[in-house]
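Before any comments, here is the structure.
The analysis underlying the following values was restricted to heavy atoms, covering all of them including side chains, and did not include hydrogens, waters or symmetry mates.
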Amino acid sequence: MGSEGGGGPSETVQQSSRFVATWIVGGVVLGLSVLGLRFALPKKKKRPIRVYMDGCFDMMHYGHCNALRQARALGDQLVVGVVSDAEIIANKGPPVTPLHERMIMVGAVKWVDEVISDAPYAITEEFMRKLFDEYNIDYIIHGDDPCLLPDGTDAYALAKKVGRYKQIKRTEGVSSTDIVGRMLLCVRERTTVDSPSHASLQRQFSHGHSQKSDDGGAGSDTRVSHFLPTSRRIVQFSNSKGAGPDARIVYIDGAFDLFHAGHVEILRLARGLGDFLLVGIHTDQTVSANRGGHRPIMNLHERSLSVLACRYADEVIIGAPGEVSKDMITTFNISLVVHGTVAEDNDFQKETGNPYAVPISMGIFQVLDSPLDITTSTIIRRIVSNHEAYQKRNEKKAASEKRYYEGKSYVAGD
């Protein structure tokens with residue numbers, strides 16, 4: 001009896017120990033199973049929000065780039081539709097830059113993830129369905145300025161109707177129409193006797209805001225914008241990362257006036273020669289001294305923003321000197337200085353007064369074959385040679401906007 005009584009507590013302790021051990025082992029096995037399941041079945045990623053913005057992007061400028069920047073901020077991926085030449089002709093008049101050049105320009109903007117060629121001018125039901133189903137677009141974006149069809153109706157009415165439309169703020173102070181006006185005033189400055197057609201076109205585009213040029217000196221009538229960006233706007237356009245300590249820094253400089261496809265392509269080649277592309281933007285005074293008081297068409301700040309928006313430019317020097325000095329090469333740790341074969345000035349070929357004499361003497365200067373034979377003068381010649389068509393284009397746009405605003409006023413009155 002005594003032995004039986006002494007074994008009872010011992011057996012109970014053993015049973016409790018086995019019970020606890022079973023729970024511990026079971027808990028470990030269950031924990032490992034859950035952990036393994038977690039790694040075996042990765043968490044489903046949230047689908048990126050894709051937004052779509054379209055446009056003609058004719059004579060693309062920093063206002064277009066700012067619109068694309070704002071559109072990209074509304075989603076994770078930005079798809080851009082570039083309207084075909086035929087659609088632009090039918091709805092607005094002939095474009096200054098053909099489709100292939102406009103595709104290069106849009107594709108080079110650093111906020112653009114994908115580009116669709118030959119987009120329709122109006123968002124039709126068929127194309128809208130294609131955007132939603134094939135391109136997985138969540139929202140269609142446009143500025144707060146009206147985009148009207150020849151009959152005066154809103155080109156984005158369908159997108160608004162289905163609730164898949166978002167709006168951004170238009171960049172004030174610049175438009176393609178305004179830039180054409182500046183170019184025509186530039187031509188007037190260079191022409192001794194104006195033809196009536198040129199004077200008429202100038203009035204159509206310049207809106208009567210002729211002013212003295214800061215660069216051209218007394219007697220110059222070239223219109224130069226006095227747009228001054230804030231530090232915030234420059235930061236918005238700038239890249240956050242600088243060159244690394246061992247980076248191969250390539251330097252290219254120029255006016256980059258009326259930033260065009262030729263500029264983009266030479267920047268693309270230059271960027272491919274190193275790890276970091278530093279772009280020098282010449283002052284208005286330097287450009288005027290080299291190319292005449294009628295230049296530049298765009299001022300230093302406008303030209304700088306256009307280059308900053310390009311995905312191939314890592315950083316810019318706003319107001320770079322016309323001559324590349326030894327101090328400059330040392331300060332910015334420049335490994336290579338390049339220049340394109342197609343340019344307004346072939347000063348890199350000068351025997352005396354060559355602005356690239358120092359990098360040439362150091363053996364770090366290279367001439368690149370320009371992929372496109374386009375200069376700022378090319379763009380100006382296109383405008384002047386087809387001035388009557390652009391005059392009709394501007395009149396058509398003004399008439400459409402008038403009908404639009406009159407209609408809005410009538411509805412508000414009801």
Side-chain angles (χ1 to χ4, degrees), residues 62 65 69 72 104-113 115 234-257 259-283 286-287 290 300-301 303-350 353-375:
Y62 65 91
C65 297
R69 180 191 64 80
R72 179 64 170 74
I104 290 173
M105 294 296 294
V106 174
V109 175
K110 60 188 176 186
W111 299 290
V112 175
D113 297 291
V115 184
I234 293 175
V235 169
Q236 288 171 339
F237 272 54
S238 300
N239 293 332
S240 57
K241 292 184 179 180
D246 300 319
R248 178 177 167 82
I249 299 176
V250 180
Y251 179 73
I252 186 170
D253 63 351
F256 297 99
D257 197 13
F259 194 67
H260 51 69
H263 291 138
V264 168
E265 288 294 270
I266 200 65
L267 292 181
R268 178 180 61 81
L269 289 186
R271 181 62 178 81
L273 296 175
D275 307 308
F276 192 90
L277 181 61
L278 178 63
V279 184
I281 316 294
H282 293 161
T283 66
T286 297
V287 177
N290 292 332
L300 174 62
H301 305 94
R303 294 182 283 119
S304 297
L305 288 178
S306 292
V307 175
L308 278 170
C310 181
R311 67 174 73 248
Y312 306 119
D314 294 295
E315 192 170 0
V316 305
I317 300 175
I318 302 176
E323 181 179 326
V324 182
S325 65
K326 182 68 168 64
D327 285 345
M328 183 177 173
I329 292 170
T330 303
T331 300
F332 292 101
N333 195 26
I334 295 169
S335 303
L336 181 67
V337 178
V338 299
H339 197 288
T341 52
V342 175
E344 299 273 350
D345 305 313
N346 289 326
D347 47 8
F348 64 93
Q349 297 176 337
K350 292 179 179 177
N354 190 325
Y356 304 100
V358 171
I360 289 173
S361 68
M362 296 174 64
I364 60 169
F365 182 77
Q366 184 176 339
V367 177
L368 305 180
D369 289 327
S370 300
L372 296 177
D373 187 12
I374 304 173
T375 66

**Request:** Nearest 0.5 Å please: distance from the CG atom of Asn333 over to the CG atom of Leu278.
**Result:** 10.5 Å
**Complete:** When rounded to the nearest 0.5 Å, the distance separating CE of Met362 from CD1 of Ile360 is 12.0 Å
**Ion pair check, Lys241 and Asp314, cut-off under 4.0 Å** = no
Closest contact, heavy atoms only, [X] versus [Y]:
X      : Y      : value
Asp246 : Asp275 : O-OD2, 4.3 Å
Gly319 : Leu300 : N-CD1, 3.7 Å
Ala261 : Ile104 : CB-CG2, 4.1 Å
Pro359 : Val324 : CD-O, 3.8 Å
Arg248 : Leu273 : NE-O, 2.8 Å
Asp253 : Gly322 : OD2-O, 4.3 Å

Is [Y] close to [X] at the side-chain level, that is, under 4.5 Å between some pair of heavy atoms?
X      : Y      : value
His263 : Cys310 : no
Leu308 : Tyr62  : no
Leu267 : Phe259 : yes
Thr375 : Val342 : yes

**Prompt:** Among all residues two or more places apart in sequence or in another chain, which pass the side-chain contact (heavy atoms from CB on, under 4.5 Å) test with Thr286?
**Reply:** His282, Thr283, Asn290
**Item:** Whether Trp111 and Phe237 hold their rings parallel, tilted or perpendicular, with breakpoints at 30° and 60°
**Value:** perpendicular
